S.K.: 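First the structure, which I've put down as structure tokens, then a few questions once you've had a look.
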Amino acid sequence: WGQLTTQDSMTKHTQKVGICGKYGTRYGASLRKMVKKMEVTQHSKYTCAFCGKDSVKRSAVGIWSCKSCLKTVAGGAYALSTPSGSTARSTIRRLRELQEL
């Protein structure tokens, strides 16, 4: 029988599909790539704006919680900040600076 090497006991990993391997060959490659992008962003950890640690995770759709400082922030459905949210923040900041002058 012999001894098992580490290569024999380890499981195989997907080469390209990553988290979308659970869908197999269904739904088409383009849709699976779009879903992969969304699922990777929603499951990743983000940097907290308050404490600076990489501990912000999604707790529900659009709700992001920091495990370190226990702050809760509203954000995008799949990512902490969205392009339209960034545009709105920069516009508000610019208007505040004009108001102060």
Side-chain angles (χ1 to χ4, degrees):
W1 288 17
Q3 291 181 335
L4 287 175
T5 61
T6 55
Q7 190 173 8
D8 293 335
S9 63
M10 292 177 68
T11 59
K12 291 185 178 178
H13 294 285
T14 58
Q15 186 176 5
K16 294 180 185 175
V17 293
I19 198 168
C20 287
K22 61 186 174 185
Y23 299 120
T25 58
R26 297 180 295 273
Y27 313 115
S30 302
L31 291 176
R32 284 197 313 269
K33 284 177 190 172
M34 289 167 49
V35 169
K36 178 182 178 183
K37 189 172 126 183
M38 284 186 258
E39 288 190 4
V40 166
T41 56
Q42 84 180 32
H43 290 126
S44 61
K45 290 184 178 180
Y46 289 89
T47 305
C48 180
F50 301 99
C51 66
K53 294 183 181 175
D54 282 336
S55 57
V56 178
K57 285 195 65 112
R58 191 181 104 142
S59 58
V61 179
I63 299 173
W64 298 81
S65 302
C66 179
K67 301 284 185 194
S68 176
C69 63
L70 301 176
K71 295 265 189 183
T72 303
V73 182
Y78 304 114
L80 181 59
S81 63
T82 61
S84 59
S86 302
T87 305
R89 267 196 307 277
S90 65
T91 304
I92 290 170
R93 190 189 74 243
R94 184 172 47 80
L95 291 173
R96 278 194 185 135
E97 288 173 358
L98 286 173
Q99 200 174 30
E100 290 174 0
L101 292 175

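All values derive from a computational prediction rather than experimental measurement.
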S.K.: Please check if the number of heavy atoms outside Gln99 that lie under 6.0 Å from its CD is greater than 12.
M.R.: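 Counting other residues, nucleotides and ligands, CD of Gln99 stays at 12 neighbours or fewer.
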S.K.: Let me know which of Cys66, Ser44, Ser65, Ser68 forms a side-chain contact (heavy atoms from CB on, under 4.5 Å) with Val56.
M.R.: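 Output: one option passes, namely Cys66.
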S.K.: Could you tell me whether the side chain of Tyr46 and the main chain of Thr41 form a donor-acceptor pair under 3.5 Å?
M.R.: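 Indeed, once roles are kept as given, a pair shorter than 3.5 Å links the two residues.
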S.K.: Please determine whether the number of non-hydrogen atoms from other residues, nucleotides or ligands lying under 6.0 Å from atom NZ of Lys67 exceeds 12.
M.R.: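 No, NZ of Lys67 has 12 or fewer neighbouring heavy atoms, counting only those of other groups under 6.0 Å.
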S.K.: Roughly how far, to the nearest 0.5 Å, is CZ of Arg32 from NZ of Lys16?
M.R.: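 Output value for this atom pair is 11.0 Å.
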S.K.: Could you give the distance from OG1 (Thr91) to CZ (Arg93), rounded to the nearest 0.5 Å?
M.R.: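 Here the interatomic distance stands at 9.0 Å.
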S.K.: Taking Gly76's backbone N and O only, do any of them form a donor-acceptor pair with Trp64's side chain (distance below 3.5 Å, no angle check)?
M.R.: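 Checked: pair present.
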S.K.: With a 4.5 Å heavy-atom cut-off, do Tyr23 and Val17 have their side chains touching?
M.R.: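 Not in contact.
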S.K.: For Ile19 versus Val40, what's the shortest heavy-atom pair and its separation?
M.R.: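 Scanning both residues, the minimum pair turns out to be CG2-CG2, 4.2 Å.
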S.K.: Identify the two heavy atoms, one from Ser81 and one from Arg89, that lie closest to each other, and give their separation to 0.1 Å.
M.R.: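 Taking Ser81 first and Arg89 second, the nearest heavy atoms are CB-NH2, 3.9 Å.
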S.K.: Would you say that more than 12 heavy atoms from the other residues, nucleotides or ligands in this model lie under 6.0 Å from the CZ of Arg26, or not?
M.R.: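 Result for CZ/Arg26: enclosed.
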S.K.: Find the distance between CZ (Arg96) and CD (Glu100) and round it off to the nearest 0.5 Å.
M.R.: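 Rounded to the nearest 0.5 Å, the CZ-CD separation comes to 8.5 Å.
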S.K.: Enter the distance from Cys20:SG to Met38:CE here, rounded to the nearest 0.5 Å.
M.R.: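 Atom-to-atom, Cys20:SG and Met38:CE are 9.0 Å apart.
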